Each structure stands twice: as structure tokens, then as C-alpha cells.
Amino acid sequence: MKYIVKISKQADKTIEKAPRAIQQKFALLIDDLEKYGPMRKDWPNFSPLGNDFYHCHLSYSWVAVWRNKKGTILVEVEYAGSREKAPY
């Protein structure tokens, strides 16, 4: 099953300003989310955060946070940026 991934404006803006290596990892994450869905246990520090939220690290200091309501194919990336400012 293919998932639909939407990226918030905030996440998109932040990733545009990120170092190239982070941009590339983010692109790989988006590709994985589209192909395999929100449970990305193969990504560093992946964990479910509760209330349909998940997160993983793109590097030591960069994270991505996404939401997926159970039973749907829509994955919404709501945050990408500094782990210190992550919404969890």
C-alpha cells in the first residue's frame, strides 16, 4: 500500500535551510513513509509519541515528527528541525 505524505509549511521551510546532508536524509525519510508507512523502526531513535504521533532523528540534533491516524493512508509531517524545539 502506498501512503500519502503531506509536509507542513513549517517543516518545509526548516528543511530548506538545513544542511544538505539533513535535506537528503529527510528526503529518504519521506520516501520511506510513502512506501512503508508511519512505523519506521529502522530509523534512528524512532518512537511512537502517543496520540498518533511518531518521531525519529535525522542526526544527533535534527528530528522529524509526523502524525498518522490509525487506519488511514495519510501521513502528515508536522515538524522537522532542532530536537531542542521539537513539539514533544
Side-chain angles (χ1 to χ4, degrees):
M1 171 189 325
K2 187 157 181 151
Y3 286 79
I4 298 168
V5 178
K6 291 191 176 186
I7 303 169
S8 73
K9 288 181 183 179
Q10 182 279 333
D12 201 33
K13 281 183 180 181
T14 305
I15 287 300
E16 285 179 3
K17 297 175 186 174
R20 183 127 174 102
I22 298 302
Q23 292 176 2
Q24 291 171 337
K25 284 185 181 180
F26 185 74
L28 290 173
L29 174 64
I30 297 304
D31 188 48
D32 278 358
L33 290 171
E34 287 176 345
K35 289 180 185 174
Y36 309 114
M39 294 298 290
R40 301 293 2 113
K41 294 179 181 178
D42 52 337
W43 277 81
N45 298 90
F46 167 81
S47 66
L49 300 173
N51 296 327
D52 302 322
F53 280 96
Y54 305 89
H55 101 295
C56 74
H57 285 225
L58 302 173
S59 71
Y60 176 76
S61 59
W62 286 80
V63 299
V65 178
W66 60 94
R67 173 195 304 243
N68 171 255
K69 290 198 176 198
K70 206 170 209 132
T72 68
I73 61 169
L74 178 62
V75 177
E76 298 173 274
V77 178
E78 296 193 357
Y79 178 83
S82 165
R83 68 184 179 120
E84 289 83 22
K85 296 179 182 177
Y88 54 80

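Note that the coordinates shown come from a computational prediction; the quantities given were computed from them, not determined experimentally. All values below were derived from every heavy atom in this structure, side-chain atoms included, with hydrogens, water molecules and symmetry-related copies excluded.
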Sequence-distant partners of Gln23, side-chain contact (heavy atoms from CB on, under 4.5 Å), two or more places apart: Ile15, Ala18, Arg20
With sequence neighbours left out, the residues meeting side-chain contact (heavy atoms from CB on, under 4.5 Å) with Lys17 are none
Okay, side chain of Arg40, backbone of Leu33: is any donor-acceptor separation there less than 3.5 Å? no
Taken in chain and number order and not counting sequence neighbours, the residues that satisfy side-chain contact (heavy atoms from CB on, under 4.5 Å) with Ala86 are Val63, Tyr79, Tyr88
Minimum heavy-atom distance Leu29-Ala64, with the two atoms named: CD2-CB, 3.6 Å
Under 4.5 Å between any side-chain heavy atoms of Tyr36 and Asp42, yes or no? no
With salt bridge (Lys or Arg N to Asp or Glu O under 4.0 Å) as the rule and sequence neighbours excluded, what pairs involving residues 30-39 come up? Asp31-Lys35
Walk me through it: do Trp43 and Leu58 pass the test side-chain contact (heavy atoms from CB on, under 4.5 Å)? CA-CA 8 Å; Trp43 277 81; Leu58 302 173; 4.1 Å; yes
Interatomic distance, Ile30 atom CD1 to Trp66 atom CH2 [nearest 0.5 angstrom]: 8.5 Å
Distance col, row Lys69:NZ vs Glu76:CD, nearest 0.5 angstrom, shows 8.5 Å
If I compare all heavy atoms of Pro38 with all of Asn68, which pair ends up nearest, and what's the gap? CG-OD1, 3.4 Å
Non-hydrogen atoms of Val65 and Pro87 that approach each other most closely: CG2-CD, 4.3 Å
For Glu78 and Ser8, work out which heavy atoms get closest and say how close. O-OG, 3.2 Å
Contacts of Glu84 that satisfy side-chain hydrogen bond (donor to acceptor under 3.5 Å, both in side chains) - sequence neighbours left out: Ser82
Please output the side-chain donor-acceptor pairs of residues 47-56 that fall under 3.5 Å, not counting sequence neighbours, one pair per line with the distance.
{"residue": "Ser47", "atom": "OG", "partner": "His55", "partner atom": "ND1", "Å": "3.0"}

Thr72 to Tyr3 - nearest heavy-atom pair and separation: O-CE2, 3.8 Å
